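A short worksheet on the structure shown next.
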Amino acid sequence: MSATGFQRLAAGIVAMLGGAVPVAAHVDRARGRPIPQGVPSAVVVRLRGSTAESGRMAFAPVEWATQVLVECYAAAPGSAAGEALVDPLLLAVHDRLAADPQLGGLARDSEIQQIAWDIDSADLPAGCAGLLLLVRHRTPAASIF
């Protein structure tokens with residue numbers, strides 16, 4: 001069975017961020033928290049939801065507005081906590097996504113809707129920033145593939 005347009009979209013974002021020069025030590029799809037011990041940085045791509053803005057004509061492609069959450073994690077023993085740790089990674093993710101709003105041809109366009117910060121202090125100081133991306137893309141008429 002082939003992947004839906006949504007799964008291809010998420011996989012494409014993972015590929016963009018983890019390509020030849022990855023933005024983080026780990027770039028994963030829908031991984032649980034927290035990042036593994038000894039990993040200085042990680043990015044996790046999660047689908048949040050999608051709304052059909054479907055065509056007004058029968059048999060027209062379906063237009064989707066899909067929210068994708070890109071979580072950035074940075075950790076370092078004995079260093080500053082929170083936003084200071086994750087800021088360089090957040091900037092790298094932003095720059096990579098902003099360089100290609102069509103996400104390698106998977107989307108009509110994309111834009112950042114929100115950024116939220118969190119602190120994860122399970123075993124060592126860690127910062128987390130979530131970048132919420134709104135992606136507009138299409139699937140064939142009456143299909144999610």
Side-chain angles (χ1 to χ4, degrees), residues 1-76 82-145:
M1 180 180 213
S2 53
T4 64
F6 309 102
Q7 294 301 318
R8 285 193 308 276
L9 178 64
I13 293 171
V14 168
M16 280 181 69
L17 298 175
V21 180
V23 295
H26 284 257
V27 179
D28 296 311
R29 168 84 182 89
R31 177 187 173 79
R33 266 181 136 178
I35 61 175
Q37 285 271 347
V39 174
S41 62
V43 171
V44 178
V45 176
R46 303 178 194 281
L47 293 170
R48 288 285 300 269
S50 194
T51 302
E53 300 174 343
S54 63
R56 312 292 182 247
M57 300 172 11
F59 308 109
V62 180
E63 299 281 340
W64 294 94
T66 299
Q67 289 185 322
V68 180
L69 179 61
V70 181
E71 296 177 326
C72 304
Y73 297 93
E83 297 96 358
L85 277 174
V86 76
D87 204 50
L89 178 56
L90 177 62
L91 181 60
V93 166
H94 170 273
D95 289 353
R96 185 77 54 95
L97 293 172
D100 183 6
Q102 288 78 36
L103 306 174
L106 293 170
R108 193 167 38 100
D109 69 7
S110 61
E111 64 185 56
I112 296 168
Q113 283 193 307
Q114 179 183 16
I115 299 173
W117 290 265
D118 193 7
I119 297 172
D120 185 4
S121 58
D123 293 326
L124 61 147
C128 173
L131 187 147
L132 188 60
L133 189 66
L134 180 66
V135 181
R136 290 177 192 83
H137 60 107
R138 288 182 173 175
T139 58
S143 176
I144 59 171
F145 289 94

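None of these values were measured; they are calculated from a predicted model. Heads up: numbering here begins at 1 and tracks the sequence.
- Taking every heavy atom of both residues into account, V62 and A52 meet most closely at CG1-CB, 4.2 Å.
- Between P61 and R138, the shortest heavy-atom distance links the atoms CB-CD, 4.0 Å.
- By the 4.5 Å heavy-atom criterion applied to side chains, V43 and V93 are counted as neighbours.
- The shortest distance between side-chain heavy atoms of I112 and L97 does not fall below 4.5 Å.
- In this structure, the side chain of R96 engages the main chain of M16 through a donor-acceptor pair within 3.5 Å.
- Taking CD from Q7 and CD1 from I144, the interatomic distance works out to 9.5 Å, rounded to the nearest 0.5 Å.
- Contact between G12 and L106 at its shortest, heavy atoms only, is CA-CD1, 3.6 Å.
- Distance alone, capped at 3.5 Å, places no donor-acceptor pair between the R29 side chain and the V14 backbone.
- When ring centroids are compared, F6 and H137 come within the 6.0 Å threshold.
- Two residues are said to be in side-chain contact when any heavy atoms from C-beta on lie closer than 4.5 Å; L69 and L131 fail this criterion.
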- Message: If you apply the rule side-chain hydrogen bond (donor to acceptor under 3.5 Å, both in side chains), what do you find for T51 with W64, and how did you get there?
- Response: CA-CA 6 Å; T51 302; W64 294 94; over 6 Å; no

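- One finds the CH2 atom of W117 at 6.5 Å from the CG atom of L90 (value rounded to the nearest 0.5 Å).
- Rounding to the nearest 0.5 Å places CG of L85 at 12.5 Å from SG of C72.
- With values rounded to the nearest 0.5 angstrom, R48 atom CZ is found 12.0 Å from L134 atom CG.
- Contact annotation: the side chain of L89 never approaches that of Y73 to less than 4.5 Å [non-hydrogen atoms, C-beta and beyond].
- For the pair P101 and S110, the minimum side-chain heavy-atom distance is below 4.5 Å.
- The NE2 atom of H94 sits 10.0 Å away from atom CG of L133, with the distance rounded to the nearest 0.5 Å.
- Here the side chains of V45 and D28 are not in contact, with every heavy-atom distance at 4.5 Å or above.
- Across all non-hydrogen atoms, the minimal contact from V44 to A30 is CG1-N, 3.7 Å.
- Of all non-hydrogen atoms in V135 and A107, the two that sit nearest each other are CG1-CB, 3.4 Å.
- Nearest approach of A75 to V39, heavy atoms of both residues: CB-O, 4.3 Å.
- No donor-acceptor pair under 3.5 Å is formed between the side chain of S41 and the backbone N or O of A74.
- Distance check: L132 CG to E71 CD gives 10.5 Å after rounding to the nearest 0.5 Å.
- Salt-bridge check for R136 with E63: failed, with every basic side-chain N at 4.0 Å or more from each acidic carboxylate O.
- You'll find the side chain of Q113 reaches within 4.5 Å of the side chain of Q67, heavy atoms only.
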